[in-house]
Amino acid sequence: MRAAGRAVRARLRDRIAASDPGLLRLTAGLRTVGAIALTLAVLSLLGADVHLLVAGAMAAMVATFAIREKQLGAQAVTLALGLPVALASVSLGALLNTRVVVGDAFFVVLIFCAVYGRRFGDRGTALGLIGFQVYFLSLFVGATVDALPELCGAMALAFCSSALMRFAIVPATPAGVLLRLRLAFRARLAQLVSAQLELLDAPADEMDKALEAVREGTARLHETAMMIQGRLEEGTPDESAARLVQRRIADAEVAAERLGLLLLTARTAERADTLTLHLPGAPAPSLAGPRMPDEAGATLRRDLRALHALVLKAGSGDTGAGLAHVRNRLLGYRDEENLPPASAALQDVFRGIGECARAVLGLRIALDGPQDESDDSPATARSREELDAEDAAIDGGEEAAQEEQTGLRRPTTRAAVQVAVGSSLAIIGGELLSTQRWYWAVLTCWIVFLNTASTGEILVKGYRRLLGTVFGVVAGIVLAGLVGKHTWPAFVLVLVLIFAMFYSAPLSYTLMSFFVTAMLGLLYTLLHTYSLDVLLLRIEETALGAACGVVAAALVLPVRTDRRTNELLETVLERLAEVTEAAVGQLSGGPADELLDRARDLDQALADLRAATQPLIHPVTPLRTRRHTARYVVALLETCAYHARTLAATAELLPTHPSIAADPRLRGAAGRTVRNIEAIAARVADEHAGARVETGPSIASLLGSDGGTPRYGRITDRVLRHLERLDEAVVGLARPLDVPVAAPKG
């Protein structure tokens, strides 16, 4: 029974870790709800009225979610600075509440300063957010000068409650967050292997569904890897340890993605296109047969299940003989003599399983330290030696400083001007709709500018907020009717909705807006100002604020979605060329380069582009051709990034891996690919540029390969595969981006 209970708890832990990497959403929700509950409890014991309870609850919420630094010391400093900012803001709100013109003018100046403060990093962003939200709070509760002492006391209590929750009750150190992210990576890796196992046996009519599950699992694994990379510096003791973890995470991600491609190839009649794994909705290739050959298929299923178990147990502390036996068997597939009799495509899958097992072993050593080696087979011992040699060769490097934009070109300055203009329009329009609750339009205008950088992004965010608000109004009506005038049940529901708001925020902005609006319906009930007209006015003010934000973004220093995506696309192509050229240079025998950092920069640039294209691929976008083109281009770039990432990971094995040797011929063979990437980047930067994409003989023929190279004995064959796929994907980018393709010479 105890063993069964532990297994259930382990599965539940893995599910939670995979659904909420690092438990970041859960931590944010618990901290915020805890700070609000603690504030309400103390204020109620002091006999505070409902207005003060609402003000304290909102202040506790702001003081908690505004702080974004990763280090606890920096969080404490920002929270300490935030209190005087909040006190000044609520005091000015109370003083200027009755002075319409002066108050509105100050509000616009405050909004400008709050947005401009983002240029000073997380602390500037947090202090600006606190200043704006607390001023809004003073308008919401109708703060007066006479009530200032009580309000300031509630603010101080709210900040103290937030500090207690953050530093004592629900602490989250960088090392602790990184540890939970590692568990999430393992859990998502195990989920991806499960999806690949389902792909192995999926019938023809369910192949598309199984392939979509593999796509989603691959994307979720990559998302977690990016989150880990963003927290390595703060969560590891030194730079060398950070680079070691980064390397092992990259190895595991590449090995898992490659295994999925090999499985797809084994199921289909011909070698699967890598793009199939990256293009959402792309149909699965035609199947070679209904099922795997019985004997080889049974062995493959057994080994995929074993790999799944190996991934899950890698972080459990299990070092039993059974685990060692499984690990030894899977690592044995890295040697040709241990491969089972099967077709070439199936043997590739077994090799892929062996490489995944090696990546899991490296991940376990990097994260958990040295392991018991008494049960190692010769293949496992050799893998350990390779990993130890690679670990010893890893060293830190310095990142190049990026050029900073100035003046109105600086994004924070431009956004501050835009939101100030939009807020001015929102104040004017909001006053026409309601002289009492005009501030809702300003709040919406402010919010649609947060974390957006183009007119299209602002339009989509405004649409999502309006949609969530409409449904939230309906929920607010229902909840207000259920709760009535019962204060504490209403506050309990408010806490539940706040937790749901923070837990869902990274997943869906529409859902977050829904919970916010439903919560506001309850707050209006508590303040005895609830009515159907008030909630309908909320919709009108939200629509007005979103419209003002879009108008300001479109007319004042506009950044068109096409322009922003082109700039980001150019950055991705530059990073892709850098990674490819550096990796091929090292594979050709050139000096070692900071390939891990370059690959990380490529992944981050691609993530930025993917986010910026959301307005283009949103379902409400009327230009369907452009939507399909944007999705196709991003998928092609993800394919290119996968091959470049794999080349970089392979190149870093050169100094230490005994079975890999550099090949000087690779530099010349890959030159065309790099030139094509640069040509496409030049064309994106200037549509009148005369750059053309070259085509010609395959990379293998340029290398002079006669096809007799051992498939996995040396580096040449594996690198050739990735270079050829990268070359094909780069040429494929030419058509959707309207880049001319030169005819082959000769």
Side-chain angles (χ1 to χ4, degrees), residues 27-69 72 75-94 97 110 114 123 125-172 439 443 487-488 490-499 501-502 505 516 519-520 522-523 526-527:
T27 301
L30 290 177
R31 276 180 177 172
T32 307
V33 169
I36 294 173
L38 185 58
T39 303
L40 291 176
V42 175
L43 288 176
S44 63
L45 290 175
L46 296 175
D49 62 14
V50 173
H51 286 74
L52 208 57
L53 291 175
V54 171
M58 294 180 69
M61 181 174 66
V62 173
T64 305
F65 79 75
I67 312 299
R68 295 298 177 90
E69 284 107 334
L72 294 179
Q75 293 175 12
V77 172
T78 302
L79 194 60
L81 293 174
L83 179 57
V85 170
L87 296 178
S89 187
V90 72
S91 300
L92 288 169
N97 194 14
L110 175 63
R123 180 163 297 157
T125 301
L127 295 179
L129 191 58
I130 290 172
F132 170 83
Q133 292 286 0
V134 171
Y135 192 89
F136 170 83
L137 182 158
S138 69
L139 298 175
F140 182 77
V141 299
T144 61
V145 176
D146 293 339
L148 267 181
E150 291 84 0
L151 276 175
C152 290
M155 294 285 160
L157 175 61
F159 273 74
C160 290
S161 300
S162 177
L164 184 62
M165 291 299 300
R166 179 177 296 273
F167 302 117
I169 301 177
V170 190
Y439 44 77
L443 179 67
T487 301
W488 289 111
F491 269 120
V492 171
L493 275 177
V494 166
L495 292 178
V496 171
L497 291 172
I498 288 175
F499 178 84
M501 175 181 70
F502 279 92
V516 169
M519 175 196 70
L520 289 173
L522 290 174
L523 291 181
L526 292 170
L527 294 173

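Quick caveat: nothing in here was measured; it's all calculated off a predicted structure.
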Plane angle bin for Trp488 and Phe491 - parallel if under 30°, tilted between 30 and 60°, otherwise perpendicular: tilted
Aromatic ring pairing Phe502/Phe65, orientation class (parallel under 30°, perpendicular over 60°, tilted between): tilted
Side-chain (Asn97) to main-chain (Ser138) donor-acceptor, under 3.5 angstrom: no
Check: Val85 main-chain N/O paired with Ser89 side-chain donor or acceptor under 3.5 Å: no
Looking at [atom1] of [X] and [atom2] of [Y], how far apart are the two atoms once the value is rounded to the nearest 0.5 Å?
| X | Y | atom1 | atom2 | value |
| --- | --- | --- | --- | --- |
| Leu148 | Met155 | CG | CE | 9.5 Å |
| Leu157 | Leu38 | CG | CG | 7.0 Å |
| Leu443 | Gln133 | CG | CD | 6.0 Å |
| Met519 | Phe499 | CE | CZ | 15.0 Å |
| Leu79 | Leu72 | CG | CG | 12.0 Å |
| Leu92 | Leu110 | CG | CG | 8.5 Å |

Exercise answer: donor-acceptor pairs, residues 46-62 side-chain atoms, under 3.5 Å, sequence neighbours excluded:
residue : atom : partner : partner atom : Å
Asp49   : OD1  : His51   : N            : 3.4
Asp49   : OD1  : Leu52   : N            : 2.9

Of all the heavy-atom pairs spanning [X] and [Y], show the shortest one and how long it is.
| X | Y | result |
| --- | --- | --- |
| Ala35 | Ser161 | O-CB, 3.6 Å |
| Val170 | Arg31 | O-NE, 3.0 Å |
| Leu83 | Phe159 | N-CE2, 3.5 Å |
| Met165 | Gly34 | CE-CA, 3.5 Å |
| Leu127 | Thr78 | CD2-O, 3.9 Å |
| Thr39 | Ala158 | OG1-CA, 3.6 Å |

All pairs passing salt bridge (charged side-chain N to carboxylate O under 4.0 Å, His left out) where residues 52-69 contributes a residue, at least two apart: Glu69-Arg123
Polar contact flag, side-chain donor to acceptor under 3.5 angstrom, Thr32-Thr64: no
Contact check, side chains of Ile498 and Met501, non-hydrogen atoms, under 4.5 Å: yes
